[in-house]
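Proteins get letters first, then strands, A, B, ... in listed order; numbering begins at 1 in each.
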There are 2 protein chains.
Amino acid sequence: MAEPKHPVQTVDRMLDIVEIIHEQDGAGVSEIAEQVELGKSAVHNHLTTLANREYVDKDGDQYHIGLSFLSLGAYARNRTPIYETGRSQVDTLADRTGELVNLLVEKNGMGVYLYQAKGENAVELDTHEGKRVPLHCTAVGKAMLAFRPTEEVDEILDTHGMEPVTAHTITDREEFHAQLEEIRERRYAIDNEERLNGLRCIAAPITDDQDRSVAAVSVSCPVHRVGDARFYEDLPDAVLGTANVIELEHNYS
Amino acid sequence: MAEPKHPVQTVDRMLDIVEIIHEQDGAGVSEIAEQVELGKSAVHNHLTTLANREYVDKDGDQYHIGLSFLSLGAYARNRTPIYETGRSQVDTLADRTGELVNLLVEKNGMGVYLYQAKGENAVELDTHEGKRVPLHCTAVGKAMLAFRPTEEVDEILDTHGMEPVTAHTITDREEFHAQLEEIRERRYAIDNEERLNGLRCIAAPITDDQDRSVAAVSVSCPVHRVGDARFYEDLPDAVLGTANVIELEHNYS
DNA sequence: GAACCTCATTCGCTATCACAGAACAAGTTA
DNA sequence: TAACTTGTTCTGTGATAGCGAATGAGGTTC
């Protein structure tokens with residue numbers, strides 16, 4: 001998205017306020033005012049306006065994200081074609097593996113977690129539905145990029161960079177392209193603590209009839225609990241199976 | 001929520017725009033401009049500002065709700081205490097009955113669908129997650145109100161009225177209170193085409209340790225498929241069971 | 001219990017900025 | 001080609017968002 005020629009500042013400020021409340025898990029007027037560099041009264045006016053329509057909830061002196069956003073968020077998700085078909089399969093995989101299973105789509109060069117299901121032993125992570133993550137440091141992201149034209153991959157890397165987030169994050173573009181090649185061959189991607197220490201993931205792409213990725217599924221599990229045998233054999237099979245079912249349902253129905 | 005003393009008009013207008021896009025399932029600039037009584041350029045500025053942050057997606061000449069709302073919506077839902085415990089039980093009930101199962105909470109005198117799970121034969125309805133409905137004409141709403149103090153019920157009816165939405169909607173306040181009394185006795189509520197023609201629901205409240213309702217679960221099914229035997233015996237048992245489990249998990253863990 | 005915090009909230013004034021309107025661009029229909 | 005759409009750009013100006021100071025409401029401390 002190109003920068004708007006005539007941005008509506010008030011809208012940007014309002015979104016800033018909402019996002020601050022989100023990030024901070026609730027916030028007070030003064031707290032917000034400091035961060036958006038706005039007077040307390042201005043922030044207060046924004047908050048009462050939002051509260052009036054239940055976009056924020058007021059709980060004592062703390063403001064929180066309101067349920068009105070749920071309606072819009074759920075709607076946006078339902079509109080995403082892969083969601084309906086992907087959901088039940090992701091649930092099944094979570095049941096079978098007992099781990100955390102994610103469904104990711106790409107928007108403007110970033111990954112967005114569309115849905116996640118928690119198996120019985122699922123790790124607790126910072127990934128929640130709707131969260132945006134860079135594509136280069138996650139298994140889902142790499143699975144996604146492996147099935148996109150090289151020019152597109154480069155364009156995405158150009159705009160979003162290859163910020164290292166752990167000691168294992170790939171930061172070299174050559175190496176990255178080599179890995180995508182591997183992924184294309186075996187059809188699944190691996191993340192060995194590239195985004196979070198102690199976390200490994202296996203991901204497989206979901207492609208359309210021209211073999212272009214439209215989404216990706218992954219299983220995330222803690223390093224200490226998942227031995228190499230399970231990680232390099234059982235899980236890839238399971239993930240590939242799931243991706244395949246979603247793919248078939250999505251393309252031929 | 002009292003009317004804000006100093007509403008930020010631009011925020012209200014922006015929310016109007018977003019809600020119009022939501023209701024209309026996507027809209028163009030001119031279309032929106034007519035409805036918010038704003039110039040096309042102003043609407044255009046709003047939309048580009050929103051699109052820049054992915055709160056709306058531009059698809060040709062149509063603007064749609066963007067996935068950024070998912071992050072906020074999912075967060076708001078996760079913050080709601082009953083969601084985590086309720087979800088898996090609602091899933092189970094949907095599996096067992098094959099019907100549409102809903103979890104509802106109350107916000108400012110209106111019902112908000114927090115979660116819904118579709119069984120194999122679930123009806124397709126206009127109820128989606130996040131949707132707000134009046135409490136007086138739904139089984140979930142009545143189950144909710146039955147376990148609130150009478151003054152609170154009257155206050156809610158005062159502010160939101162008792163608009164009839166089908167021929168069967170209760171519009172008399174005496175009759176309504178009498179029905180709440182019945183519901184308190186048998187612990188579940190019935191909706192026989194009071195909100196939608198052809199639809200019946202059974203709902204049970206989820207109460208806290210002081211027997212005040214914090215949420216309600218319901219099963220919705222088409223009249224033509226569900227005979228009286230199942231409707232008046234099997235379903236209430238199933239719904240009550242589910243509500244009970246959620247209640248226990250919620251209050252004692 | 002009074003003095004002192006630290007918040008949210010109110011209010012009036014004014015510089016800012018959101019918006020109308022007109023013009024343009026690009027695409028569709030006749 | 002002309003007469004329609006639609007979205008987009010641009011600019012002047014009147015409404016209004018937000019500052020700053022005052023007020024109010026709770027809490028904490030001595």
(message) Less than 4.5 Å apart, side chain to side chain, heavy atoms only: is that true for B/Met14 and A/Thr10?
(response) no
(message) Nearest whole Å is fine: how far is C/dG21 P from B/His44 NE2?
(response) 18 Å
(message) Nearest whole Å is fine: how far is C/dA8 P from A/Ile21 CD1?
(response) 11 Å
(request) Can you see which heavy atom on A/Leu38 is nearest to which on A/Val43, and at what distance? (result) CB-CG2, 4.0 Å
Under 3.5 Å, which protein N or O atoms sit close to an N or O of nucleotides 16-18 of chain D? Give each pair with its distance.
residue, atom, partner, partner atom, Å
D/dT16, OP1, B/Gln9, OE1, 2.8
D/dT16, OP1, B/Gln9, NE2, 3.2
D/dA17, OP1, B/Thr10, OG1, 3.4
D/dA17, OP2, B/Pro7, O, 3.4
D/dA17, OP2, B/Gln9, N, 3.2
D/dG18, OP1, A/Arg13, NE, 2.4
D/dG18, OP1, A/Arg13, NH2, 3.0
D/dG18, OP2, A/His46, NE2, 2.8

(message) Closer than 4.0 angstrom, basic N to acidic O: yes or no for B/Asp25 and A/Arg79?
(response) no
(request) Step through it carefully: locate the ring centre of A/His128, locate the ring centre of A/His22, and say whether they are under 6.0 Å apart. (result) yes
(request) Round to a whole Å and report the spacing from NZ of A/Lys5 to C1' of D/dT9. (result) 8 Å
(message) A/Glu247 and side chain to side chain contact (heavy atoms under 4.5 Å, CB included): which single residue from A/Ile206, A/Asp209, A/Val217, A/Asp208 fits?
(response) A/Ile206
(request) Decide, yes or no, whether a salt bridge links B/Glu152 with B/Arg212 under the criterion of side-chain N to carboxylate O below 4.0 Å. (result) yes
(message) Do the side chains of A/Arg173 and A/Asp158 get close enough for a salt bridge, i.e. N-O under 4.0 angstrom?
(response) yes
(message) Check this for me: does the side-chain of A/Lys40 come within 3.5 Å of the base of D/dG20 through a donor and an acceptor?
(response) no
(message) Quick test of your reading of the model: are B/Asp211 and B/Arg148 salt-bridged, counting only N-O distances below 4.0 Å?
(response) no
(request) Starting at atom OH of B/Tyr63, determine the distance to atom P of D/dT6, rounded to an integer number of angstrom. (result) 14 Å
(request) For each nucleotide in nucleotides 25-30 of chain C, reading 5' to 3', give B when a protein heavy atom comes within less than 4.0 Å of its base, S when such contact involves only the sugar-phosphate, and - otherwise. (result) ------
(request) For A/Met14 and C/dC17, give me the distance from atom CE to atom P, rounded to whole Å. (result) 18 Å
